[in-house]
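First comes the structure, then the notes that go with it.
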Number of protein chains: 2
Amino acid sequence: MKPAKRKKLEKAGWKIGTADDFLGLTAEESAYIAMKLALSESLRNKRLKKGLSQVALAKLIESSQSRIAKMEAADASVSIDLLVKSLLALGTSPKELATAIATTG
Amino acid sequence: MKPAKRKKLEKAGWKIGTADDFLGLTAEESAYIAMKLALSESLRNKRLKKGLSQVALAKLIESSQSRIAKMEAADASVSIDLLVKSLLALGTSPKELATAIATTG
DNA sequence: GCATGATATGTCACATATGACATAATTTCA
DNA sequence: TGAAATTATGTCATATGTGACATATCATGC
């Protein structure tokens, strides 16, 4: 596992300390986390591509800047539902979603 | 829209009465619903393929028979998170998930 | 018919996710 | 530098999702 990814996961609140701890995750758990990471990265990319700030996006989807930030950080408190809804609101197609998920794992 | 699909949506609690009502859904909303339908069908297929009853699956993933039924009916009360977690627990690969989603919309 | 198993539906207490707010940290640019 | 804009982090009341339970409906075999 790359240090950058580990750091990202730790920041996201996944309580990953050591390699052994990480190995303690089941395949489902890591696949689920990887999926969230892929979606959060897609969200940030989409937003930047549109030249929107987090505040602007928040207004657009009737959320808040802090929640956008948490989404993009793949925070443990955000659901896949919210990520998907946000991506769809940004005009992401189901196929694009699928691609993002496919490159997961 | 095919009658069968409409009926399924109505049963799932999406409050769709007429064609006009359905047209009232935004593209995001219908894409979101389509995605849930795709995941719920995948779940049922996976479960049947493994010869499991809803009760058996419920025990497997520490849920309840009624929630499995609601998942498979794409009930409005179930989250994509739960569908995804359940599919992953059944051994569905991220690629399979992606395929299911891609054929959506 | 009527058991028996499986699936569906309705409800509810409890758990988790959410937007909102405050505030801190970071970036950008003059 | 430092002010302004942007993004990150922490917390909380409320909204939404969850497992569990009861019960209904449906299917299959006797």
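No hydrogens, no waters, no symmetry mates; every other heavy atom, side chains included, goes into these values. Order of the sequence lines sets the chain letters (A, B, ...), proteins ahead of strands, with each chain counted from 1. The model shown is predicted, which means the values in this text are computed figures rather than measured ones.
Side-chain nitrogen and oxygen atoms of B:S79 include at least one within less than 4.0 Å of the OP1 or OP2 phosphate oxygen of D:dT18. Between B:Q54 and C:dA8, a side-chain N or O to OP1/OP2 separation shorter than 4.0 Å is present. Taking side-chain N and O atoms only, B:R67 has no distance below 4.0 Å to OP1 or OP2 of C:dT11.
Taking for each of A:V78 and B:I68 the nucleotide of DNA chain C with the nearest heavy atom, the 5'-most of the two is the partner of B:I68.
Atom-to-atom, CE of B:M71 to P of D:dA20 comes out at 11 Å; the value is rounded to the nearest Å. A:D75 has its CG atom 9 Å from the P atom of D:dT9, to the nearest Å. The distance from atom CG of A:L57 to atom P of C:dT18 is 14 Å, rounded to the nearest whole Å. With rounding to whole Å, A:K59 atom NZ is found 13 Å from D:dA5 atom C1'. We find that CD of B:E62 is positioned 9 Å from P of D:dA20, with the value rounded to whole Å. In this entry the distance linking CD1 of A:I80 with P of D:dT18 reads 11 Å, nearest Å. Taking atom CG of residue B:L52 and atom P of nucleotide C:dG5, one finds them 18 Å apart after rounding to whole Å. Taking atom CD1 on B:I61 and atom C1' on D:dG17, their separation rounds to 14 Å, with Å as the unit.
Across all strands shown, B:L82 has heavy atoms under 4.0 Å from sugar-phosphate atoms exclusively, and none from any base. Across all strands, B:S53 comes closer than 4.0 Å only to sugar-phosphate atoms, never to a base (heavy-atom distances). Contact annotation for B:S63: backbone-only contact, meaning every heavy-atom pair under 4.0 Å involves sugar-phosphate atoms and none involves a base.
Note that CG of A:L97 and CE of B:M35 are 5.5 Å apart. Values are rounded to the nearest 0.5 Å.
With contacts defined as side-chain heavy-atom distances shorter than 4.5 Å, the pair B:I33/B:S30 does not qualify.
In this structure, B:D81 contributes its side chain and A:I80 its backbone to a donor-acceptor pair below 3.5 Å. Panel note: side chain B:T92, backbone B:L88; no donor-acceptor pair is recorded below 3.5 Å. Although no hydrogens or angles enter the test, the distance criterion places no donor-acceptor pair under 3.5 Å between the side chain of A:K46 and the main chain of A:S86.
With hydrogens and angles left out, the side chain of B:K70 and the base of C:dT11 share a donor-acceptor pair within 3.5 Å. Counting distance only, with no hydrogens placed and no angle test, the side-chain atoms of B:Q65 and the base atoms of C:dA6 include no donor-acceptor pair under 3.5 Å. Between the base of C:dC21 and the side chain of A:S64 there is no donor-acceptor pair shorter than 3.5 Å.
The nucleotide whose nearest atom lies closest to any side-chain atom of A:L48 is, among C:dT9, D:dT7, C:dT18, D:dT7. The side chain of A:R44 lies closest to D:dA8, out of C:dT7, D:dA8, C:dT18.
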